[in-house]
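Inspection log for the structure reproduced underneath, given as structure tokens.
Because the structure is a prediction, the values reported are computed rather than measured. Throughout, a chain's letter reflects where its sequence line sits, starting with A, and its residues are numbered from 1.
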Amino acid sequence: MDDALPTTEEYPPVLELHSAAREFRRRGGPPFLAITDVTATVQDKDRHGEFICLVGPSGCGKSTLLHIIAGFDTHLPLTRGEALFHGQPIEGPGADRGMLFQEYGCYPHLTVVDNIAFGLRLQSGPDRPSEPDIRDLAREWLGRVRLSEADARKYPHELSGGMRQRVALARSLALKPRCLLMDEPFSALDEPTRFEMQDLIVELWAELDATIILISHSVAEAVYLGDRVWVMSPAPGTLVAEFADVPIPDPDTPAMVAQARPSFADCVAEVSARFLEVLRTPREELTPIHADGSGRCEPAGGAD
Amino acid sequence: MPDETPSAPNRVAWWQRLWTRPAPPEEDEPSPPEPPPPAKPEPARRRSLLRVRDRVSPGLRTALSLLPFVLFVAWWFWVTAGAEPELRRISSRILPSPAEVIARCPALWFESALMRNILLSLSRVLGGFAVAAIVAIPLGIAMGSFGRVGATFGLVATLLSYLPTPAIVPLTMAWWKTGEEQKVGFLALGTFAYLLPLIVRHVQAVDHKYVLSAYSQGATAWQVVTKVLVPVALPGIVDAMRLCLGIGWTYIVLAEVIKAGEGLGGVGNLIMVFQRFGRMEEVYLTVAAIMLVGAVLDRSCVWFSRWLFPYRTATADE
């Protein structure tokens with residue numbers, strides 16, 4: 001986290017997707033087109049990564065898109081188009097793109113502190129921090145995600161769901177990823193815990209320079225957390241709407257309070273209305289957009 | 001009971017009627033309201049004997065677990081009562097009386113050296129098991145981790161799990177004569193066939209999200225196998241080993257069937273000898289000893305695995 005952060009003019013965008021499509025072959029059937037024509041650009045804005053939230057009906061290919069960015073399933077290249085990370089084609093997973101799942105975030109055989117240190121210990125070569133440094137870093141992250149020293153020696157099965165996601169978050173962030181991908185990270189949590197986690201992520205993100213892409217099934221969560229909200233169409237999934245002017249969370253107001261304000265509710269209503277429109281429009285009448293931060297909303301219908 | 005018409009709304013199968021109360025005959029006119037029954041005194045609340053999924057206290061658990069033995073021994077005394085073997089309900093050639101069996105204990109212990117034979121058999125089972133584990137664990141981990149290795153050996157493993165174990169006893173004798181190699185080899189084959197598919201399944205059962213997480217933290221393929229797949233699957237693998245060690249122990253009698261030549265001894269051999277001389281008391285005692293040793297072996301594996309994996313309960317969900 002040094003001061004000489006790249007500016008957008010000098011460096012290629014963090015993430016570029018050009019008409020990306022991925023097909024899955026199915027045994028004894030036609031191939032399944034999971035996503036198609038996804039075109040998006042994510043730039044660093046003002047020395048800071050962007051927070052993008054992706055909403056869409058279930059089974060529309062949100063996770064597939066995230067997996068493409070993470071570089072999973074590279075035995076299965078993109079069927080069409082290309083995906084670039086810092087100008088380089090994504091060819092496999094790496095520690096520069098952290099991933100957080102809804103569940104199974106923590107390794108069951110490691111204690112909390114060892115879970116956080118896991119990624120640091122995987123490193124090799126001269127950059128690998130020494131073992132005492134790794135332990136200090138893990139302890140530091142333990143505190144930053146608001147876990148106590150008493151939790152450090154616990155195993156994941158002794159923790160609540162929210163605490164496990166804190167560990168998973170700390171484990172990803174300790175590696176200082178350039179991009180953090182989150183697949184419905186808070187969906188399995190109860191509501192107060194979800195708000196707490198939202199506060200935590202808002203707070204941590206302010207200190208980080210990472211780009212975050214978060215899948216959510218809650219429009220309110222997406223509007224609250226995201227700088228931009230992308231709406232995905234039903235399968236074959238493509239980006240059909242982008243909201244770039246959603247309110248940005250104020251780190252000093254708890255999520256639970258901020259989301260109860262009428263001004264926030266109005267904004268959620270607007271995005272929800274668009275989301276519903278997408279859900280109710282036949283797939284073939286939806287046209288893909290280029291999600292580049294301009295916040296354009298193409299009309300959902302084709303002609304009229 | 002009224003005849004049921006096919007259109008009856010709630011038809012019940014004949015067997016259901018065995019415990020379904022017959023429907024009251026339909027009445028056109030409402031019967032005069034019955035006088036309310038006299039208020040009965042509230043009976044003392046009786047707790048039913050069988051409750052679904054109730055917790056059993058340790059004391060009661062011990063008592064209940066002894067119940068089948070008590071019943072069995074009572075039955076045993078009853079069917080073998082009578083001084084003259086011919087007048088008993090069950091002949092002593094089939095089931096000797098408790099007293100007769102107890103009387104043979106010292107002879108079994110001292111003359112037939114039960115303990116030494118148990119230890120001999122145990123060493124053969126552990127030897128065979130060790131050979132099986134040394135091959136099955138690395139191979140199973142590789143098969144469960146790498147799709148191509150799994151595809152290569154998958155069919156072999158499926159066929160092996162249908163290996164008719166008792167039938168290969170004569171084959172192992174042809175390969176290794178009747179010495180120690182034959183016994184260890186037979187037990188190794190028998191346990192391997194069970195162990196391999198179980199290990200593969202436990203490695204495959206590790207949730208894919210652990211693998212993806214590790215990759216996105218910068219793990220290499222080798223690190224994913226050694227630091228995620230193997231440690232997460234390990235409690236399951238140890239469980240599979242416990243199961244197969246038990247199976248191996250029950251095969252001991254098959255391994256020690258030979259009656260002469262090299263490699264005599266062991267509990268299986270003891271049973272063969274006692275059977276030949278019609279000493280049913282010792283056959284029963286030896287069978288009981290084999291079961292007891294198996295149970296002790298199993299319990300110690302469970303304790304060992306609990307000590308080894310404090311996160312044991314974690315394997316179920318997270």
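For Arg171(A) and Tyr107(A), the positive end sits near the middle of the six-membered ring, less than 6.0 Å away and at most 45° from its axis.
The aromatic rings of Phe72(A) and His67(A) sit perpendicular to each other, their planes meeting at more than 60°, with 30° as the lower class boundary.
Remark: the Tyr251(B) side chain and the Thr165(B) side chain contain an N/O donor-acceptor pair separated by less than 3.5 Å. Under 3.5 Å, the side chains of Glu221(A) and Ser216(A) contain a donor-acceptor pair of N or O atoms.
Sorted by first and then second residue, the side-chain hydrogen bond (donor to acceptor under 3.5 Å, both in side chains) pairs with a member in residues 128-152 of chain B form an empty list; sequence neighbours excluded.
Chain B is approached within less than 4.5 Å, heavy atom to heavy atom, by Gly94(A), Ala95(A), Arg97(A), Gly98(A), Met99(A), Phe101(A) from residues 94-102 of chain A, ordered by number.
The residue among Ala219(B), Ser216(B), Pro231(B), Ala214(B) with the most heavy atom pairs within less than 4.5 Å of chain A is Ser216(B).
A salt bridge is absent between Arg153(A) and Glu158(A); no separation between the charged side-chain nitrogens and carboxylate oxygens falls under 4.0 Å.
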